[in-house]
Protein chains: 2
Amino acid sequence: MPDAPPPSITPTPTGFTLLGLLSFGRELSGYELKRWADNLRFFWSAPAMSQVYREVERLAAAGLVAQRQVVRDGSRSTKVYRLTPEGERAVRDWLAAPPDPPVLRHPVALRVFFGHLLDPAVLRVAIEAHRAWCDDMLDQLGAVREGLGDDERWRNVAVVADWGLDYYRGERAAADGIEKTITAPE
Amino acid sequence: MPDAPPPSITPTPTGFTLLGLLSFGRELSGYELKRWADNLRFFWSAPAMSQVYREVERLAAAGLVAQRQVVRDGSRSTKVYRLTPEGERAVRDWLAAPPDPPVLRHPVALRVFFGHLLDPAVLRVAIEAHRAWCDDMLDQLGAVREGLGDDERWRNVAVVADWGLDYYRGERAAADGIEKTITAPE
DNA sequence: GCCAGCATGTAAGGAGTTACATGATTAT
DNA sequence: ATAATCATGTAACTCCTTACATGCTGGC
């Protein structure tokens with residue numbers, strides 16, 4: 001008699017992204033999955049460590065990933081996960097479904113919208129902080145992009161990285177534009 | 001003896017945005033607040049109806065808004081809310097705090113990232129759906145922008161609307177660019 | 001007569017966060 | 001030695017959503 005059929009729970013969005021990360025073929029630990037997931041932060045929300053552990057357990061319970069105990073360095077042991085065929089089917093189906101609209105929460109836009117409640121100097125500080133954040137993201141994403149090179153295997157990832165670089169450059173330019181509007185009201 | 005001091009709870013982000021909406025000076029019902037909040041959807045998440053009612057009750061309990069029973073049309077009655085001085089202080093302080101980084105969740109970027117799991121034709125459909133969504137947002141936001149005119153009272157709102165029009169135009173252009181990359185792989 | 005819009009809520013649950021708790025290994 | 005990184009989890013809580021439930025009013 002084969003194993004009991006895994007309970008058919010539907011993964012959360014984060015669960016699906018973890019399946020996606022495992023679809024690159026490597027066996028990863030929860031810790032490694034978190035670090036890979038952090039690379040999605042340029043266009044997606046990176047999950048908390050604790051959620052990665054919770055989700056990957058759920059995925060294992062559902063049979064979408066296979067768990068394996070690995071002993072490293074003699075005594076220390078780690079759980080690693082790899083995608084099962086069912087898991088791959090699940091991500092594929094999830095991705096093939098019509099996409100939800102993008103989610104955007106833009107604190108700077110919100111502050112301009114409610115600009116009558118803010119001292120212009122404070123608003124300007126917020127805009128400048130945003131620009132600095134954009135620069136930071138551009139640095140980080142630029143580094144990622146360089147690491148990808150033109151390796152055929154990371155072609156799609158590179159496309160997204162290039163898209164992201166444009167996105168954050170646009171974001172930065174928009175911040176500059178808004179700041180001018182604020183500083184020179186008439 | 002004055003009224004018991006209102007319990008000092010901190011509003012949720014949605015609660016603060018409701019305070020912000022009330023800071024434009026009008027007394028609004030829960031229903032009207034929801035419709036006003038929907039105008040934030042171009043750069044912020046619009047709350048569900050039920051959450052608006054829950055939050056506005058909490059704000060009233062905290063003394064940040066004042067509730068008033070209004071009888072319309074003889075029998076029908078509505079609760080309307082207006083901002084109290086404490087409420088105004090609370091939003092101001094919230095907005096003056098350093099902004100959180102923007103939140104972005106971009107399903108199309110995610111699909112490109114995991115492009116190896118998708119039939120190119122399906123990916124193209126997703127990109128085209130995204131472009132259609134951008135066009136829709138541009139239409140809606142354009143209509144909002146026109147309604148604002150150059151009324152001095154809506155100056156900041158108009159600045160955000162103009163920013164949004166640029167944002168969605170950029171989004172649309174990026175979708176076109178990505179689609180070309182996908183269609184012509186070499 | 002019926003449907004769209006106005007109007008208000010409750011109940012249940014989903015998805016995620018922060019804070020806490022623990023401990024081994026590696027590099028400085 | 002001590003700090004950073006690797007490694008794994010639990011508990012409590014927040015914020016928000018969907019589904020449900022109800023009823024009035026105005027226009028076609």
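Every chain is numbered from 1, with letters handed out A, B, ... down the list of sequences. All of these numbers come straight from a predicted model, not from anything done at the bench.
- Here the side chain of A:P13 is nearest to one of C:dA7, C:dT17, C:dA15, namely C:dA15.
- Heavy atoms of B:T14 sit under 4.0 angstrom from primed sugar atoms or phosphate atoms, though from no base atom.
- Using cut-offs of 30° and 60° on the angle between ring planes, the pair A:F113 and B:F24 is perpendicular.
- Across the interface with DNA chain C, nearest-nucleotide mapping of B:Q67 and A:P47 shows B:Q67 to be the residue nearer the 5′ end.
- Nearest to the side chain of A:Y31, among D:dT17, D:dC6, C:dA7, sits D:dC6.
- A salt bridge is absent between A:E171 and A:R131: the closest approach of a Lys/Arg side-chain nitrogen to an acidic carboxylate oxygen does not fall below 4.0 angstrom.
- The base of C:dT18 is paired with the side chain of A:S50 by a donor and an acceptor separated by under 3.5 Å.
- Taking atom CD on A:E55 and atom C1' on D:dT10, their separation rounds to 15 Å, with Å as the unit.
- In this structure, B:W163 and A:H106 have perpendicular ring planes: the angle between them is above 60°, well past the 30° mark.
- Which of C:dA15, D:dC16, D:dT18 sits closest to the side chain of A:Q51 comes down to C:dA15.
- Side-chain atoms of A:S45 never come within 3.5 Å of backbone atoms of A:R41 as a donor-acceptor pair (strictly under, hydrogens ignored).
- Within 4.0 Å (heavy atoms only), B:T12 reaches sugar-phosphate atoms of the nucleic acid but no base atom.
- We find that CD1 of B:I9 is positioned 11 Å from P of D:dT14, with the value rounded to whole Å.
- One can place CG of B:L33 at 15 Å from C1' of C:dG9, the figure rounded to the nearest angstrom.
- Phosphate contact (OP1/OP2 of C:dG9, side-chain N/O of B:K79, threshold under 4.0 Å): present.
- Using modelled atom types, no side-chain atom of B:R172 and backbone atom of B:A132 make a donor-acceptor pair closer than 3.5 Å.
- Of the candidates C:dC6, C:dG9, D:dG9, the closest approach to any side-chain atom of B:E57 belongs to C:dG9.
- Taking for each of A:T78 and A:R54 the nucleotide of DNA chain D with the nearest heavy atom, the 5'-most of the two is the partner of A:T78.
- Atom OH of B:Y53 and atom C1' of C:dA11 are 17 Å apart (whole Å).
- Checking A:S45 against B:V80, the closest nucleotide of DNA chain C that is more toward the 5' end is the one next to B:V80.
- Separating the CE atom of B:M49 from the P atom of C:dA7 is a distance of 10 Å, rounded to the nearest angstrom.
- The separation between B:R105 atom CZ and D:dC16 atom P is 14 Å, rounded to whole Å.
- As rounded to whole Å, 10 Å separates atom P of C:dG16 from atom CG of A:L18.
- Atom pair A:E32:CD and D:dT8:C1' shows a separation of 13 Å (rounding to whole Å applied).
- Counting non-hydrogen atoms under 4.0 angstrom, A:R58 reaches nothing in the nucleic acid.
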